[in-house]
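Before any comments, here is the structure.
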Amino acid sequence: MPGERRPPGRLICVEGGEGAGKTTQAQMLARAIGAHLTREPGGTALGERIRELLLTPSSEKLAARSELMLVLAARAQHLAERIEPLLEEGSHVVVDRFSGSTLAYQGYGRGLPIPEVRQACDIATNGRWPDLAILLDVPAPAGLARRREPSDRFEGESDDFHERVRDGFLAEAAAEPERWVVIDGTRPAGEVAGAVLESVRGRLGLEAPAGTAS
Ligand code: TMP
């Protein structure tokens, strides 16, 4: 009805280590539920410039706290400019990485204290956490083996770093099971997509819009 306010949209994020298949799954999910698709770091002009800074290998060593602040600056802009307006108008948003990645990479991976990283995420997002975080879990070596060359600044990190990231994602998912769902990302993409959609339906009650194939 004209003038009727739609309920706010849901924010769903797809998380995982390198080569977990997030991007493909985020695309398939967004299509299946008629959601807007975006990514981090990125999603706005500023965010994409920050992404470039973060991913381009450089001889200049980026301090862990600088990295954290860059990731969060991109997120704050993304929320203000894109995500919050979409949710407010009642659209659902699927984001390829969000605060779970910050905990896993800058917290567990780089070794910044987890409570500080969590607090910093809260400041950047004004307390916004996803309604559902989908972790595509893949053993770190298997994920890295799927990546193309040349590698970016994160892919070039040590095996230990990627193991810590994976363990960090799993620890976060275990600590907040009401927010997270863990899906075995080593299965064929079609099976993973089915499990992702099932979890979104089960947890959030979202269905494919009329006329959309699931
Ligand atoms: P991807 O789009 O290929 O996953 O690359 C994004 C990279 O950025 C990935 O290596 C993880 C990193 N990243 C962080 O370190 N912290 C974050 O909060 C986010 C969103 C991404």
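One-based numbering, in listed order, for ligands and for the atoms of each. We number each residue from 1, following the sequence as shown. If you're wondering where the values come from, they're calculated on a predicted model, not measured in any experiment. All values below come from the heavy atoms of this structure, side chains included, with hydrogens, waters and symmetry mates left out.
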Open item on the list: Do Leu62 and Leu70 make a side-chain contact, defined as non-hydrogen atoms from C-beta onward lying under 4.5 Å apart?
Closed with: yes
Open item on the list: Quick check: do Glu116 and Leu112 have side-chain heavy atoms less than 4.5 Å from each other?
Closed with: no
Give the atoms of ligand 1, by number and element, whose distance to some non-hydrogen atom of [X] is under 4.0 Å.
X: Glu18; answer: 9 (C), 10 (O)
X: Arg75; answer: 18 (O), 20 (C)
X: Leu55; answer: 7 (C), 8 (O)
X: Glu40; answer: 20 (C)
X: Thr102; answer: 17 (C), 18 (O)

Open item on the list: Polar contacts were defined as any N/O atom of the residue lying under 3.5 Å from an N/O atom of the ligand; does this apply to Asp96 and ligand 1?
Closed with: no
Open item on the list: Side chains of Thr186 and Asp184: any donor to acceptor distance under 3.5 Å?
Closed with: yes
Open item on the list: Under a 3.5 Å threshold, yes or no: a donor from one side chain and an acceptor from the other, between His78 and Glu40?
Closed with: yes
Open item on the list: One residue to check: Val71. Relative to ligand 1, which of side chain, backbone, both or neither has a non-hydrogen atom less than 4.0 Å away?
Closed with: side chain
- [ ] Tell me which part of Arg97 gets within contact of ligand 1: side chain, backbone, both or neither, using heavy atoms under 4.0 Å.
- [x] side chain
State if [X] counts as touching ligand 1 under the rule of any non-hydrogen atom under 4.0 Å.
X: Leu72; result: no
X: Gln106; result: yes
X: Glu67; result: no

Task: Options Glu15, Arg39, Lys22, Arg51, ranked by nearest heavy atom to atom 2 (O) of ligand 1, top entry - done: Arg51
Task: Residues Arg128, Glu84: salt bridge by 4.0 Å N-O rule - done: yes
- [ ] Apply the salt bridge (Lys or Arg N to Asp or Glu O under 4.0 Å) test between Arg153 and each candidate in Glu60, Glu67, Glu52, Glu18; give the one that qualifies.
- [x] Glu67
Task: Nearest atoms (heavy-atom pairs only) where Tyr108 meets Arg164 - done: O-NE, 3.2 Å
TODO: Without swapping roles, check the side chain of Arg75 against the backbone of Phe98 for a donor-acceptor pair under 3.5 Å.
DONE: yes
